Amino acid sequence: MKRKLVSMTLAVMMGLSFTACGSGGDNKPATDGGNTATEDSASDNADDGAADDASNDDAANDGSSAEVANKDKPLVWFNRQPSNSSTGELDMAALSFNDSTYYVGFDANQGAELQGTMVKDYIEANIDKIDRNGDGVIGYVLAIGDIGHNDSIARTRGIRKALGTGVEKDGDINSDPVGTNTDGSAAAVQDGSIEVGGKKYVVRELASQEMKNSAGATWDAATAGNAIGTWSSSFGEEIDIIASNNDGMGMSMFNAWSKDNNVPTFGYDANSDAVAAIAEGYGGTISQHADVQAYLTLRVLRNALDGVDIDTGIGTADEAGNVLSDDVFVYNEEQRSYYALNVAVTSENYQDFTDSTKIYEPVSKQLDATKSPSKKVWLNIYNASDNFLSSTYQPLLQNYDDILNLEVDYIGGDGQTESNITNRLGNPGQYDAFAINMVKTDNAASYTALLNQ
Ligand code: BGC
């Protein structure tokens, strides 16, 4: 029953997102059967995991199997979409590296809008107690994840748009951090206003900062915990709301200050710890349907490896009965990208989201190993200590890899340097497919260069 409610909300939101994001999200997955048949290359996979000296014995067990060049193997980019970190322009060369290349992420604009609206709705519903010092100004601080990451940029814009604090820059809302802005003079934002019950309040972004540590890691939770310490000690009584580009940083601020001071913090990701914290005053979060994303990440590889229609088990049920309904994802063919849809998680529905690592029931059925034989996948996560990727996404991938008969090597990066990861892709020949989460969205070529060799 609750599920139904959530799906209905999703269906409504989806309608909105189609009109809002204008990215032409057509919901028809590609049906290119033109996959670079790798089906035979796995005949050698009986020796999975063993110190396989790679590639070159691929055809050895089976005279008929054609060896697949690394450049023709299935490749999925996930969570960080190949794009220019300054302009956001998609890197179509990386997204169409070969016929079996895709991106899996979520609809950043729809989610950002949802986060902004969630905060605005909360303010309106709690107007009698929100302005803690009664000065008529509703002050918020904002933790920014990575100024060059399109999801982070979208979320900053979503908050500023909903609260009326955004100013235009190059045809869009400026997403620059302001540093400290207690006097309302920063150029990158403006004071917004909100009227409830006939009374008008000013809304001010008191401070915002990219949470990057001294070694260069972005979305850094510890940095956010320090920032709220600094901000609260100089203008704590002015802070009425905390907004964060994700739950990792949000929870760090909640635990360091906001919980004890009854100031609601709003994050993004619906990590299990953040969802549980809603019972203790965390304001809310957004589920980006990581359960659907993790499935899609591995499923598109599986389909490409099996040489079947890419929509199998996605928009079209597979033989086991796995299928996703179109209220949980969209496929944009032009961008070769699958986007999961987001859902707001608040005090009203958080009980439905308490375990963020639970696989999505409609796609939980085991594939037949005679038709989808074991294959080896190289998969990296840009930063082994990213809260969302390590506590939500990777456990989900690990649940799905068995169901999909994929043997995945999980590589965790340091969040700072691409080479820390690419150095560990020295021998791509021993894998059948690749799933990549870059440190920086501009860096796709460092990976494709290795596959092209
Ligand atoms: C998530 C963040 C995460 C970031 C890393 C985003 O989609 O929401 O929590 O840190 O991806 O790339």
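In each ligand, atom 1 is the first atom listed, and ligand 1 is the first ligand listed. Small disclaimer: the values here were computed from a predicted structure and weren't measured. These numbers come from the heavy atoms of this one structure, side chains and all, not from hydrogens, waters or symmetry mates.
Considering backbone and side-chain atoms alike, Arg155 places an N or O below 3.5 Å from some N or O of ligand 1. Here's the thing with Asn245: none of its N/O atoms is less than 3.5 angstrom from an N/O atom of ligand 1. In terms of polar-atom proximity, Asn437 is not counted as a contact of ligand 1, lacking any N or O under 3.5 Å from an N or O of the ligand.
Residues satisfying the salt bridge (Lys or Arg N to Asp or Glu O under 4.0 Å) criterion with Lys169, sequence neighbours excluded, are Asp176. Qualifying salt bridge (Lys or Arg N to Asp or Glu O under 4.0 Å) partners for Asp121, counting only residues two or more places apart in sequence or in other chains: none.
At the shortest separation from atom 10 (O) of ligand 1 among protein heavy atoms lies Asp386 OD2, 2.5 Å. For atom 6 (C) of ligand 1, the closest heavy atom belonging to the protein is Asn79 ND2, 3.7 Å.
With salt bridges taken as basic N to acidic carboxylate O contacts below 4.0 Å, one links Arg299 and Asp318. Taking a cutoff of 4.0 Å between a charged side-chain nitrogen and a carboxylate oxygen, Glu418 and Lys440 do not qualify as a salt bridge. The pair Arg204-Asp191 meets the salt-bridge criterion, with a side-chain N (NZ, NE, NH1 or NH2) lying under 4.0 Å from an Asp/Glu carboxylate O.
Numbered from 1 in the order shown, with element, the atoms of ligand 1 that lie under 4.0 Å from a heavy atom of Phe388 read 1 (C), 9 (O). With ligand atoms numbered from 1 in the order given, ligand 1 contributes 7 (O) to contacts under 4.0 Å with heavy atoms of Phe106. Listed by number with element, the atoms of ligand 1 under 4.0 angstrom from any heavy atom of Arg80 are 5 (C), 12 (O). Annotation for ligand 1: atoms under 4.0 Å from non-hydrogen atoms of Asp151 are 7 (O). With ligand atoms numbered from 1 in the order given, ligand 1 contributes 1 (C), 7 (O), 8 (O) to contacts under 4.0 Å with heavy atoms of Gln288.
His289 has its ring centre no less than 6.0 Å from the ring centre of Phe329. Checked against the 6.0 Å centroid threshold, Phe434 and Tyr447 do not count as a close aromatic pair.
No more than 12 heavy atoms of other residues, nucleotides or ligands sit less than 6.0 Å from atom NZ of Lys161.
Judged by the shortest distance from any of its heavy atoms, Met438 lies outside the 4.0 Å radius around the atoms of ligand 1.
Heavy-atom proximity to atom 9 (O) of ligand 1, evaluated over Asn387, Asp269, Asn271, Thr285, is greatest for Asp269.
The side chain to side chain contact (heavy atoms under 4.5 Å, CB included) test with Tyr295 singles out one residue from Asn322, Val104, Asn399, and that residue is Asn322.
Residue contacts with ligand 1, taken as heavy atom pairs separated by less than 4.0 Å, do not involve Met249 at all.
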